[in-house]
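Naming convention: chains lettered A, B, ... in sequence-line order (proteins, then strands); numbering from 1 in each chain. It should be emphasised that the depicted structure is a prediction, and the values quoted were computed from it without experimental measurement. Excluded from the calculations below are hydrogen atoms, water molecules and symmetry mates; all remaining heavy atoms, backbone and side chain alike, are included.
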Amino acid sequence: MVLIAYLTYFERKVIGAIQLRKGPNVVGPFGLLQPLADGIKLLTKETIFPENSNKFIFALSPILTFALALLGWAVIPVDFKLVLADINVGIMYVFAISSLGVYGIIMAGWSSNSRYAFLGALRSAAQMISYEVSIGLIIISVLLTSKSLNLTEIVMAQKDYWYVIPHFPMFIIFFISTLAETNRAPFDLPEAESELVAGYNVEYSSMTFGLFFLGEYGNMILMSSMSTILFLGGWLPPFDYEFLSFIPGFVWFLTKVCILLFVFLWVRATLPRYRYDQLMSLGWKLFLPLSLVWIIITSSVLFYLGS
Amino acid sequence: MIEYIPILVFIVFALIFSVGAFSLSILVGKKAYYPEKMSTYECGFEPFDESRGKFEVKFYLVAILFIIFDLEIIFLFPWAVAFYEIGLFGYLSMIFFLVVLTIGFVYEWLKGALDWN
């Protein structure tokens, strides 16, 4: 929770720095209390239910979006055995939860009964399911090498070398797909403010908007930690030296997640937005065939080495 | 099943938290309703008709393609985990499956199902 709030602070600071501005610096020392102030501000604003909307679904969708963004965390191992539920199908669970995220957006767009929201939700759903396919295929390649669906075991399988080394092209594709999956720039077509105002959440105000917002940032952190677990060796230090393993695992984990999140923000501050047809063709015509071919290559190499 | 109990607790916690934040804002937030505020946002215009009208069929097509590929991914999950136990037969049959799928994919591509314009 606090992490999500401070990610918004971090984002404004980083983008401020990249654009040679100061970012928030008034509330508290270095503006550190800014997220708290934003939260209170959002909480005390008026919640608007548009008269044409389906009130129940309208209220349900931000709740669902935020709850789903939190739910994925139940299986993420932050350190060895430092995990809420060490289930043996952990990666399936995360995959399922992140797929369900589409529902919140579809429900929001449909129940708002507004053009912008409807178009934004359609775009967002099409984009998310397109990139989910390549994310799924990339996960398969990782699973082939790790032989387990349990997230702890996937990390332990990377003791000798991180999967970013053998699967480097897949790491890049996975990262770009997570950008698209979380609707972040340069793939933030659903909320392209120059044409759709704000996309699926245009009718939302107050905490209902806040929950969407927090959900998006929660998903960013969740996806970054998934990249960390799948490719960057989770809580493992980069080299198996004594003095490096002296630093506790969750520090390594957090450092890697923060680096990935920084790249998220960096990308947002520097790259222009994609066109929608380019976005879809990137997903279906480039990432999907590439990750499919990579599965065949990985399995062939493993089969050759195994026999 | 015992390891799933924390997840259940977590689901309850997440729901309570999000419902709580939502209802707190309704309780605390100010209320001043008037008709213009409650109308659908359309840059100051009254909306002409229902917004749930026609939309591009492409979105539907993407959804159908997604179902095909997602099902395939579900097939691949157990195969990937059991890869070392099923040997040559398992390897070859999945390669055959992927080849068939690729033929279908190439067909879609040539038919223009993946083009947006």
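- Contacts between A/I91 and chain B at a heavy-atom distance below 4.5 Å involve the side chain alone, from C-beta outward.
- For chain A, the nearby part of B/L98 is the side chain; its heavy atoms alone come within less than 4.5 Å.
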Given A/W284 and B/W109, is the side chain to side chain contact (heavy atoms under 4.5 Å, CB included) satisfied, shown in steps?
-> CA-CA 9 Å; A/W284 286 101; B/W109 192 323; over 6 Å; no
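- Here B/W79 contributes atom CH2 and A/I295 contributes atom CD1; the two are 6.5 Å apart, rounded to the nearest 0.5 Å.
- Separation of atoms OG (A/S134) and CZ (B/F69) is listed at 11.0 Å; rounding is to 0.5 Å.
- Of all heavy-atom pairs spanning B/I95 and A/S299, the tightest one is CD1-OG, 4.2 Å.
- Proximity to chain B is absent for every atom of A/L64, based on heavy atoms less than 4.5 angstrom apart.
- For a residue to count as touching a neighbouring chain, one of its non-hydrogen atoms must lie under 4.5 Å from one of that chain's; by this rule B/F77 touches chain A with backbone and side chain alike.
- Of the atoms belonging to B/L88, heavy atoms from both backbone and side chain fall under 4.5 Å from chain A.
- Screening residues 95-104 of chain A for salt bridge (Lys or Arg N to Asp or Glu O under 4.0 Å) gives no qualifying pairs among residues at least two apart or on separate chains.
- Using a 4.5 Å cut-off between heavy atoms, A/V142 makes no contact with chain B at all.
- Between chain A and the residues B/A63, B/A14, B/A82, the largest count of heavy-atom pairs under 4.5 Å involves B/A14.
- Interatomic distance, CZ of B/F17 versus CZ of A/F66, reported as 5.5 Å (0.5 Å rounding).
- Residue A/I140 touches chain B through both its backbone and its side chain, counting heavy-atom pairs closer than 4.5 Å.
- Using a 4.5 Å cut-off between heavy atoms, B/I5 makes no contact with chain A at all.
- The environment of CZ in B/F59 is crowded: more than 12 heavy-atom neighbours from other residues, nucleotides or ligands sit within 6.0 Å.
- In this structure, CG in A/L292 is found 6.0 Å from CD in B/E72, a value given to the nearest 0.5 Å.
- Residues A/L143 and B/F83 form no side-chain contact, since every pair of their non-hydrogen atoms from C-beta on lies 4.5 Å or further apart.
- Between atom CE of residue A/M92 and atom CD1 of residue B/I73 there is a gap of 10.5 Å, rounded to the nearest 0.5 Å.
- Applying the 6.0 Å contact sphere to CZ of B/F75 captures no more than 12 heavy atoms from other residues, nucleotides or ligands.
- Of the atoms belonging to A/S99, not a single heavy atom falls under 4.5 Å from chain B.
- Of the listed residues (A/L60, A/V133, A/L68, A/I296), the greatest number of heavy-atom pairs within a distance under 4.5 Å of chain B belongs to A/V133.
- If you measure heavy-atom distances from B/F66 to chain A, the contacts under 4.5 Å come from both the backbone and the side chain.
- Residue with the most contacts toward chain B among A/P289, A/S130, A/G283: A/P289 (heavy-atom pairs, distance under 4.5 Å).
- Looking at heavy atoms from C-beta onward, B/D70 lies in side-chain contact with A/F95 at the 4.5 angstrom threshold.
- Neither the backbone nor the side chain of A/A69 has a heavy atom closer than 4.5 Å to any heavy atom of chain B.
- The environment of OH in B/Y91 is crowded: more than 12 heavy-atom neighbours from other residues, nucleotides or ligands sit within 6.0 Å.
- Annotation: the span from B/L76 atom CG to A/I139 atom CD1 amounts to 12.0 Å, rounded to 0.5 Å.
- Here the closest heavy-atom approach between residue B/V62 and residue A/A126 is recorded as CG1-O, 4.0 Å.
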